[in-house]
Amino acid sequence: MQRTKVKDLLQGAEEGKEVLLKGWVRTKRGNKYVNFIAVNDGSTINNLQVVADEKFSEESLKDITTGAAISVVGQLVASQGKGQAYEVQATSIEVVGKADPETYPLQKKAHSLEFLREIAHLRFRTNTFGAVFRVRNTLAFAVHRFFNEKGFVYMHTPIITASDAEGAGEMFRVTTLDPTNPPLTENGQVDYAEDFFGKATNLTVSGQLEGELAAMAFSDIYTFGPTFRAENSNTTRHLAEFWMIEPEMAFYDLKMNADLAEEFIKYIIRYALEHNREDIEFLGQRLAEEDKSKPQQERQEMTLLEKLEFVVSNDFERVTYTEAIDILVNSNHYKKKKFQYDVSWGVDLQSEHERYLVEKHFKKPVIVTDYPKDIKAFYMRLNDDGKTVAAMDILAPGIGEIVGGSQREERLDLLVERMKAVGIHEEDLWWYLDTRRFGGCPHAGFGLGFERMVQFVTGMGNIRDVIPFPRTPQNAEF
RNA sequence: UCCUCCUUAGCUCAGUCGGUUAGAGCACCUGACUGUUAAUCAGGGGGUCCCUGGUUCGAGCCCAGGAGGGGGAGCCA
């Protein structure tokens, strides 16, 4: 007999038929004569109610406890009770895997996210994390779908890299040398010529530079892979291992780049709204519940669903860095000296400034462009004013920077000059510079932090709760 | 890395001014109840008060150090 998933059973397509159902027990309730078992198999946030009437002895039901894996055969019927349209009238129930209620950590009540983080191997079985990871899956699929529909080529850029020139942060060393007794050079340094690759290697901090090489042949490419940063960051929006999406487009300028990023973000949110509405509704209720315990001022104006609907149906705000500085300097907030950090042209925007722009001033996602060249990376294209570069950051309410991108400097002389200024050796990036020597063209791209996107869509406040097993400083459990 | 808060039952948390035997809700176990919706009702078991040291007649509470966790900042996606 073929197993049917809970999601399909709840549609009622097999009403009246005998069905086979497998899953995990969420709760059991009832009395001597009839028991109700809520079963979830991860296919949907909703449980299917299994009814075990008096022909099941108490003894035969005693191992059906929260967390146990069971297999049920029975008839799918319209429910006699309220709260669900269909239920399964059981004819046989097999306990496939017991879960000792004395030691099983999950209970049929709400747990704190912090506690669940400590039992990340079991937290998938909760409503909240079930919803989060179904949404994550849908968003990942939507990423590929979006780019595939647009004719982008999915490119696998290397995980291990010998280049540390990108400057996007501290890197994790990859080595097979004996850490207690490494080979040394004449002047006492570790001799990486002896190492596996014959040189010092690290885990990638970005696939962008390699992505640019591919874009110079396929026109439009994207990467979607793991990224590693050895920064000692302890925040709700940083991970040492995270997933990043990096499209790179030949013959794109900054505006086309921003247009694509906005279309992309709206597309994947809309896709999640269409395919995971119940999950998002549940997560929204969770947030609303959480909000009740907060002071009035900190409460959300919109529900999660309203926020997402708003984002997909309204244009993102677009301002230049210079305009953003003007807005901040002329704000009442600034005049009342409520910013901890001062604002002036040339300094990077602090978190509090970004939050003000996004959450107080515009109240929607904001694309900030044309930053001073000195606070941005060497590969960004110099604007005609000679002091700003064609950079763009997309700032999202509650998350901050969700996208960082730019039009790339395609002019060899200017690029080399910029590399010299920041101390990057030409010979280390000879292959990168070759794309400017041979058939170079204007091009642009951006990086989107996938977990930050999942945070935005699920409303989860801590990035550690939107990746299955988070890697952060001092923590690589599971 | 810096600032700040927290750590008491399986979970969430209370614990007065330093004072006798450390509490509640939920969970769990036992019993009751013929359709429940985190079922309900009654009873029961359950504690290294994070660790180490100190002050004190006496420490869950005060002091010092350490560990773990949360939030904020920086770095960024």
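In the text below, chain A, chain B and the rest are named by the order of the sequence lines, each starting its count at 1.
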_Is the phosphate of B:A73 approached by A:Arg237 (side-chain N or O, under 4.0 Å from OP1 or OP2)?_
yes

_Identified stems (criterion: three or more consecutive Watson-Crick or G-U pairs, under 3.5 Å), RNA chain B_ = B:1-7 with B:67-73, B:10-13 with B:23-26, B:28-32 with B:40-44, B:50-54 with B:62-66

_Nearest listed nucleotide, side chain of A:Ala110, among B:A38, B:G70, B:G74_ = B:A38

*Starting at the 5' end of nucleotides 41-46 of chain B, put B wherever the base has a protein heavy atom under 4.0 Å, S where only the sugar-phosphate does, and a dash everywhere else.*
------

*Ignoring hydrogens and angles, tell me if any N or O in the side chain of A:Arg229 forms a donor-acceptor pair with the backbone of A:Val205 under 3.5 Å.*
yes

Can you name the atoms? Protein N/O to nucleotides 30-35 of chain B N/O, anything below 3.5 Å, with the distance.
{"residue": "B:C33", "atom": "OP2", "partner": "A:Lys32", "partner atom": "NZ", "Å": "3.2"}
{"residue": "B:G35", "atom": "OP1", "partner": "A:Asn31", "partner atom": "ND2", "Å": "3.1"}
{"residue": "B:G35", "atom": "O6", "partner": "A:Gln80", "partner atom": "OE1", "Å": "3.4"}
{"residue": "B:G35", "atom": "O6", "partner": "A:Gln80", "partner atom": "NE2", "Å": "2.6"}
{"residue": "B:G35", "atom": "N1", "partner": "A:Glu87", "partner atom": "OE2", "Å": "2.8"}
{"residue": "B:G35", "atom": "N2", "partner": "A:Gly81", "partner atom": "N", "Å": "3.4"}
{"residue": "B:G35", "atom": "N2", "partner": "A:Glu87", "partner atom": "OE1", "Å": "2.5"}
{"residue": "B:G35", "atom": "N2", "partner": "A:Glu87", "partner atom": "OE2", "Å": "3.0"}

*Using atom CD1 of A:Ile367 as one end and atom P of B:A77 as the other, report the distance to the nearest whole Å.*
16 Å

*Answer yes if the side chains of A:Glu14 and A:Thr4 hold a donor-acceptor pair under 3.5 Å, and no otherwise.*
yes

*asked:* For A:Tyr371 and A:Tyr321, take the angle between the two ring planes, folded into 0 to 90°, and tell me which bin it lands in: parallel under 30, tilted 30 to 60, perpendicular over 60.
replied: tilted

_Distance check needed: B:G72 C1' versus A:Tyr341 OH, whole Å only._
10 Å

*In terms of ring plane angle, is the pair A:Phe264 and A:Phe446 parallel, tilted or perpendicular, where the classes change at 30° and 60°?*
tilted

*So, the side chain of A:Arg452 versus the backbone of A:Ile463: is there a donor-acceptor pair under 3.5 Å, distance only?*
no

*Tell me which residues in residues 119-134 of chain A put a heavy atom below 4.0 Å from RNA chain B, sorted by number, or none.*
none

_Please report the distance separating the C1' of B:U56 from the corresponding atom of B:G74, rounded so that it comes out in whole Å._
44 Å

*d(CD, A:Glu118; P, B:G68) in whole Å*: 12 Å

*May I ask you to check whether over 12 heavy atoms, not counting those of A:Lys55, lie within 6.0 Å of atom NZ?*
yes

_What's the gap between B:G35 and B:U12 when it is taken at their P atoms, as a whole Å value?_
34 Å

*For A:Asn257 and A:Gly405, which heavy atoms make the closest approach, and how far apart are they?*
ND2-C, 4.3 Å

*Would you kindly compare A:Lys28 and A:Met244 by the position of their nearest RNA chain B nucleotide and give the one closer to the 5′ end?*
A:Lys28

*Could you work out the separation of B:A9 and B:G23 based on their P atoms and round it to a whole Å?*
14 Å

_Could you tell me how far apart A:Phe282 (CZ) and B:A38 (P) are, to the nearest whole angstrom?_
12 Å

*Nearest heavy-atom pair of A:Met171 and A:Leu203: which atoms, and what distance?*
CE-O, 3.4 Å

*Determine which pairs satisfy ring-ring contact (aromatic ring centres under 6.0 Å, His included) with at least one residue from residues 453-475 of chain A, sequence neighbours left out, and list them in order.*
A:Phe124-A:Phe469, A:Phe469-A:Phe478

*Of all the nucleotides listed (B:G70, B:C11, B:A77), which has the minimum atom distance to the side chain of A:Arg117?*
B:G70

*asked:* Strictly below 4.0 Å, N to O, side chains only: are A:Arg136 and A:Asp279 in salt-bridge contact?
replied: no

*Would you kindly give the CG-to-C1' distance between A:Leu106 and B:U12, to the nearest whole Å?*
15 Å

_Please give the distance between the C1' atoms of B:C76 and B:C6 as a whole number of Å._
28 Å

*Should the ring pair A:Tyr356 and A:Phe339 be called parallel, tilted or perpendicular, given that the plane angle runs from 0 to 90° and is split at 30 and 60?*
perpendicular

*If you check every side-chain atom of A:Glu231, which of B:C75, B:G69, B:A77 has the closest atom?*
B:C75

_Heavy-atom closest contact (A:Lys266 atom, A:Val312 atom, distance)_ = O-CG1, 3.7 Å

*Look at the rings of A:Phe141 and A:Tyr271 and say which category their plane angle falls in: under 30° parallel, 30 to 60° tilted, over 60° perpendicular.*
tilted

*Test of ring centre spacing under 6.0 Å for A:His144 and A:Phe224*: yes

*If only atom types and distance count, is the side chain of A:Glu262 paired as donor or acceptor with the main-chain N or O of A:Phe316 below 3.5 Å?*
yes

*asked:* Taking only the P atom of each, what is the distance from B:G44 to B:C26 in whole angstrom?
replied: 14 Å

_Spatial distance of atom CZ (A:Arg464) from atom OG1 (A:Thr235) [nearest 0.5 Å]_ = 7.0 Å

*asked:* Rounding to an integer number of angstrom, what distance separates B:G19 and B:C11 when you compare their P atoms?
replied: 27 Å

*Lys/Arg-Asp/Glu bridge criterion (N-O < 4.0 Å) met for A:Arg123, A:Asp465*: yes

_Residue closer to the 5' end of RNA chain B, A:Gly447 versus A:Asn475 (nearest nucleotide)_ = A:Asn475

Nucleotide N/O to protein N/O under 3.5 Å, stretch nucleotides 1-8 of chain B:
{"residue": "B:U1", "atom": "OP1", "partner": "A:Asn232", "partner atom": "ND2", "Å": "2.9"}
{"residue": "B:U1", "atom": "O4", "partner": "A:Asn232", "partner atom": "O", "Å": "3.2"}
{"residue": "B:U1", "atom": "O4", "partner": "A:Asn234", "partner atom": "ND2", "Å": "2.9"}

*asked:* Quiz question: going by heavy-atom distance under 3.5 Å, is there a donor-acceptor pair between the base of B:C76 and the side chain of A:His238?
replied: yes

*Presence of A:Thr236 side-chain N/O under 4.0 Å of B:G72 phosphate oxygens OP1/OP2*: yes

_A:Glu451 CD - B:C76 C1' separation (whole Å)_ = 13 Å

*Roughly how many Å is it from CD in A:Gln350 to C1' in B:C76, rounded to a whole number?*
13 Å

_Taking 4.0 Å as the cut-off, does a side-chain nitrogen or oxygen of A:Arg464 come that near to OP1 or OP2 on B:G69?_
no

_Taking B:G45 as the reference, what is the distance to B:C5 when you measure between their C1' atoms (whole Å, please)?_
35 Å

_Nucleotide B:C76, atom C1' - distance to CZ of A:Phe446 in whole Å_ = 17 Å

*Quick check: does any side chain N or O of A:Asn46 sit under 3.5 Å from a backbone N or O of A:Leu48, one acting as donor and the other as acceptor?*
no

*If you measure from the C1' atom in B:C50 to the same atom in B:A59, how many Å do you get, rounded?*
16 Å

